[in-house]
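Before any comments, here is the structure.
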Amino acid sequence: MREHVDADERRRRIVDVIRALGEGEVTTYGDIAEIAGYPKQSRLVGWILATADDDADLPWWRVVNAAGRLVPGHERTQSALLRAEGVRVRNGHVVRAVHGRFRP
DNA sequence: CGAGTGACGGACG
DNA sequence: CCGTCCGCCACTC
């Protein structure tokens with residue numbers, strides 16, 4: 001029982017951090033995990049986003065990996081959404097965000 | 001219970 | 001830039 005609660009807690013905190021991302025703000029999986037209080041657990045963030053419902057109200061397009069690489073299979077959609085917020089994207093990578101922790 | 005997998009990351013070659 | 005290892009969590013077989 002304890003385990004399930006902890007896992008749910010982690011998921012909840014991470015989702016909250018992602019929801020807090022604003023326009024033009026780009027952050028990495030690793031930073032989200034760290035901000036949520038679970039450093040080094042970037043895979044957990046990726047898993048949560050990958051299994052999240054489409055109507056989960058999560059700005060997934062503002063999350064990229066440490067190299068700035070866009071989500072495999074969603075580059076078109078993601079780059080369009082990011083560019084609409086003023087984020088510079090090139091060759092499937094975020095070159096420069098308006099806000100956020102991501103730094104090339 | 002162990003191996004494999006994944007929208008990850010960092011160290012190495 | 002690519003591939004390999006290892007570490008991390010959750011989940012499937």
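Below, read A as the first sequence line, B as the second, and so on, with proteins coming before strands; counting in each chain starts at 1. Every heavy atom of this structure was used, including side-chain atoms; hydrogens, water molecules and symmetry mates were not.
When the P atom is used for both dG7(C) and dA7(B), the distance is 22 Å, rounded to whole Å.
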Please tabulate, one pair per line, all N/O donor-acceptor pairs under 3.5 Å involving side-chain atoms of residues 31-52 of chain A, not counting sequence neighbours.
{"from": "D31(A)", "atom 1": "OD2", "to": "T28(A)", "atom 2": "OG1", "distance (Å)": "3.2"}
{"from": "T51(A)", "atom 1": "OG1", "to": "W47(A)", "atom 2": "O", "distance (Å)": "2.8"}
{"from": "T51(A)", "atom 1": "OG1", "to": "I48(A)", "atom 2": "O", "distance (Å)": "3.4"}

Taking distance alone, no hydrogens or angles, what donor-acceptor pairs closer than 3.5 Å link side-chain atoms of residues 67-75 of chain A to residues at least two apart or in another chain?
{"from": "R69(A)", "atom 1": "NE", "to": "G92(A)", "atom 2": "O", "distance (Å)": "3.2"}
{"from": "R69(A)", "atom 1": "NH1", "to": "E75(A)", "atom 2": "OE2", "distance (Å)": "3.4"}
{"from": "R69(A)", "atom 1": "NH2", "to": "G92(A)", "atom 2": "O", "distance (Å)": "3.1"}
{"from": "E75(A)", "atom 1": "OE1", "to": "G73(A)", "atom 2": "N", "distance (Å)": "3.0"}
{"from": "E75(A)", "atom 1": "OE2", "to": "G73(A)", "atom 2": "N", "distance (Å)": "3.4"}

Tabulate below the donor-acceptor pairs under 3.5 Å that side-chain atoms of residues 94-101 of chain A make, not counting sequence neighbours, or state none.
none

Under the 3.5 Å Watson-Crick or G-U criterion, the dot-bracket string of DNA chain C, with | for inter-strand pairs: .||||||.|||||
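Taking CG of L82(A) as the start and CD of E23(A) as the end, the distance is 11.0 Å to the nearest 0.5 Å.
Listed by residue number, the members of residues 73-104 of chain A with any heavy atom below 4.0 angstrom from DNA chain B form an empty set. The stretch residues 55-65 of chain A has no heavy atom under 4.0 Å from DNA chain C, so no residue of it qualifies as close.
Scanning for side chain to side chain donor-acceptor pair (under 3.5 Å) contacts around E85(A) gives W61(A), R62(A), with sequence neighbours left out. Scanning for side chain to side chain donor-acceptor pair (under 3.5 Å) contacts around R12(A) gives E9(A), with sequence neighbours left out.
When rounded to the nearest whole Å, the span between CD1 of I18(A) and P of dA7(B) equals 15 Å. Here dA7(B) presents its P atom at 11 Å from CG of L49(A), a figure rounded to the nearest Å. Atom CZ in R69(A) sits roughly 17 Å away from atom P in dG6(B) (whole-Å rounding). Atom OH of Y29(A) and atom C1' of dG9(B) are 12 Å apart (whole Å).
Looking only at distances, no side-chain donor or acceptor of E25(A) sits under 3.5 Å from a matching main-chain atom of F102(A). Here the side chain of R83(A) pairs no donor or acceptor atom with the backbone of R88(A) at under 3.5 angstrom.
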Show each protein N/O and nucleotides 10-13 of chain B N/O combination with a separation under 3.5 Å, one pair to a line.
none

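Along DNA chain C, the nucleotide nearest to W47(A) and the one nearest to R43(A) differ in position, and the one closer to the 5' end is contacted by R43(A).
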Worked check of side chain to side chain contact (heavy atoms under 4.5 Å, CB included) between T77(A) and W60(A): CA-CA 11 Å; T77(A) 308; W60(A) 60 269; 4.2 Å; yes
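Residues D16(A) and R19(A) have side chains in contact (heavy-atom distance under 4.5 Å, counting atoms from C-beta outward). You'll find the side chain of L58(A) reaches within 4.5 Å of the side chain of V15(A), heavy atoms only.
For residues 14-34 of chain A, no residue pair satisfies the ring-ring contact (aromatic ring centres under 6.0 Å, His included) rule, not counting sequence neighbours.
First and last contacts of DNA chain C with chain A, using any nucleotide atom under 4.0 Å from a protein heavy atom and ordered 5' to 3', fall at dG7(C) to dC11(C).
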